[in-house]
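Single-structure report; data block below.
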Amino acid sequence: MPTTSDQTNHNLVVVGSVAVDWVITPSAERRDSVGGAAVFFAMAAAPLAKVQLVGVIGHDFPQASINDLERAGVDLAGLERSDGLTFRWKGRYHENMNQRDTLETHLNVFEDFAPKLPQRYRESDFLFLANIQPSLQLAVLEQMDRRPRLVGLDTMNLWIDIAHDKLLEVLARVDVLAINQEEALQLTAESNLVRAAAKIRELGPKTLVIKRGEYGALCFGPDGSLFCAPALPLDDVVDPTGAGDSFAGGFMGHLASTGDLSSDNIRRAVIWGSTMASCCVQGFSYDRLRELSREQVDARFQRFVDLTRF
Ligand code: AMP
């Protein structure tokens with residue numbers, strides 16, 4: 001990975017699910033809650049960088065959310081409108097809010113989606129392949145005019161199970177993998193996280209971010225160093241959905257806005273990821289992310305600095 005630093009605000013392309021979710025927590029429930037990996041990612045990265053979204057929606061996707069994304073400054077030229085129903089996911093959280101069960105997944109318009117990137121997206125230096133079928137992640141990567149300076153990837157247990165070979169193909173072509181702890185273990189058939197990390201780095205990505213929910217994140221840097229970031233202890237977790245995607249948005253948004261891929265800046269990016277994830281979980285859908293001013297985001301970042309200073 002190159003480690004030059006400049007001050008330009010590089011564009012950041014994201015492809016991933018754009019969804020209508022049904023979220024059930026121990027104390028509340030929201031139907032028709034707009035979500036999807038690309039939406040959470042975009043709303044979290046937008047205060048930091050110029051995001052260009054690739055995805056597909058059906059006729060049931062609310063116009064109000066299109067307006068929210070536009071107001072946040074997200075470029076939607078790569079968001080296709082299709083005749084069918086939007087991707088739908090339904091999940092229920094356990095009492096501790098750390099674990100959840102997927103009750104339903106309907107790919108709907110994502111089943112036949114063939115992304116076509118607008119020309120201005122193809123020239124971007126930063127690309128994040130958020131959670132969606134690996135074949136779609138690959139299709140976007142292949143349409144870039146040249147290899148972006150940094151390519152990040154997320155995935156989940158479903159794709160590790162049913163699209164393993166395609167996923168390995170994508171993995172071989174990315175710089176950063178941001179993945180849940182359980183998924184890292186599942187991907188490598190390992191029970192030890194350090195050994196799993198070593199195996200993943202052999203598969204392609206030299207930087208690995210392991211998301212551990214309320215326990216924070218571990219980052220195995222490109223130079224092999226290990227960095228550990230806490231999660232902010234909160235007494236008002238409303239809906240953890242999208243925390244991982246918001247983490248990725250903050251992480252990639254910071255790297256795109258600074259253009260600095262040094263190990264030190266990757267550590268700062270992990271704290272930006274943690275900052276945006278902590279905001280996301282304080283509301284349903286992207287409600288909290290939508291309300292954030294730049295000052296509030298900076299203040300939350302500072303709480304992380306204070307949390308670990310001794
Ligand atoms: P996270 O909580 O960060 O893991 O992401 C939650 C989001 O992932 C929800 O808004 C879902 O719509 C989306 N999601 C759930 N299952 C899938 C899937 N199989 N592929 C893509 N996105 C998914």
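Every number for a ligand or one of its atoms is a count from 1 in the order of the listing.
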**Asked** Heavy-atom distance to atom 17 (C) of ligand 1: which of F247, F87, F110 wins?
**Response** F87

**Asked** With atoms numbered from 1 as shown, which atoms in ligand 1 lie under 4.0 angstrom from a non-hydrogen atom of L158?
**Response** 19 (N)

**Message:** Using a 4.0 Å cut-off to any heavy atom of A19, which atoms of ligand 1 qualify?
**Reply:** 12 (O)

**Message:** To check your reading of the model: name the closest protein heavy atom to atom 20 (N) of ligand 1, its residue, and the distance in Å.
**Reply:** W159 NE1, 3.5 Å

**Contacts of E291 that satisfy side chain to side chain contact (heavy atoms under 4.5 Å, CB included) - sequence neighbours left out** = R288

**Message:** Whether R303 and D306 form a salt bridge (side-chain N of Lys/Arg under 4.0 Å from carboxylate O of Asp/Glu) is what I want to check.
**Reply:** no

**Prompt:** Under 4.0 Å from ligand 1, counting heavy atoms only, is it the side chain of A243, its backbone, both or neither?
**Reply:** backbone

**Asked** Out of E183, K211, M156, E104, who gets a non-hydrogen atom closest to atom 18 (C) of ligand 1?
**Response** M156

**Asked** Roughly how far, to the nearest 0.5 Å, is CD1 of I160 from OG1 of T155?
**Response** 5.5 Å

**Request:** Report the distance from atom CG of D239 to atom CE of M97, rounding to the nearest 0.5 Å.
**Result:** 7.0 Å

**Asked** Does ligand 1 have any atom that is closer than 4.0 Å to a heavy atom of R100?
**Response** yes

**Fill in**
The atoms of ligand 1 lying under 4.0 Å from a heavy atom of F40, numbered in the order shown, are 10 (O)

**Contact (N/O only, under 3.5 Å) between T241 and ligand 1** = no

**Prompt:** Hey, is the main chain of F110 close enough, under 3.5 Å, to the side chain of Q133 for a donor-acceptor pair?
**Reply:** yes

**Item:** Where ligand 1 meets G244 - atom numbers and elements under 4.0 angstrom, heavy-atom basis
**Value:** 3 (O)

**Prompt:** Hey, is CZ on R267 packed in by over 12 heavy atoms from elsewhere, all under 6.0 Å?
**Reply:** yes

**Request:** Return the residue, atom name and 0.1 Å-rounded distance of the protein heavy atom closest to atom 5 (O) of ligand 1.
**Result:** D245 OD2, 2.8 Å

**Fill in**
of all protein heavy atoms, closest to atom 15 (C) of ligand 1 is W89 CD1, 3.3 Å

**Request:** Report the nearest protein non-hydrogen atom to atom 13 (C) of ligand 1: residue, atom name, distance rounded to 0.1 Å.
**Result:** S17 OG, 3.9 Å

**Request:** Classify the side-chain pair D223/S225 by whether it contains a donor and acceptor separated by less than 3.5 Å.
**Result:** yes

**Message:** Can you report which non-hydrogen protein atom sits closest to atom 12 (O) of ligand 1, along with the distance?
**Reply:** D21 OD1, 2.7 Å

**Prompt:** Looking only at side chains, do T86 and D60 share a donor and an acceptor under 3.5 Å apart?
**Reply:** yes

**Message:** So for ligand 1, is I132 a polar contact partner (N or O within less than 3.5 Å, distance only)?
**Reply:** no

**Message:** Can you confirm if the aromatic rings of Y286 and F40 lie within a centre distance of less than 6.0 Å?
**Reply:** no

**Complete:** Atoms of ligand 1 under 4.0 Å from any heavy atom of G36, numbered from 1 in the order shown, are 9 (C), 10 (O), 12 (O)

**Prompt:** Who are the side-chain hydrogen bond (donor to acceptor under 3.5 Å, both in side chains) partners of S285, not counting sequence neighbours?
**Reply:** none

**Request:** For ligand 1, find out whether one of its N or O atoms is nearer than 3.5 Å to an N or O atom of G35.
**Result:** no

**Message:** Could you tell me if the side chain of I200 sits less than 4.5 Å from the side chain of L177, heavy atoms only?
**Reply:** yes

**Request:** Please work out whether any backbone atom (N, CA, C, O) or any side-chain heavy atom from C-beta onward of N131 is under 4.0 Å from ligand 1, and answer side chain, backbone, both or neither.
**Result:** both

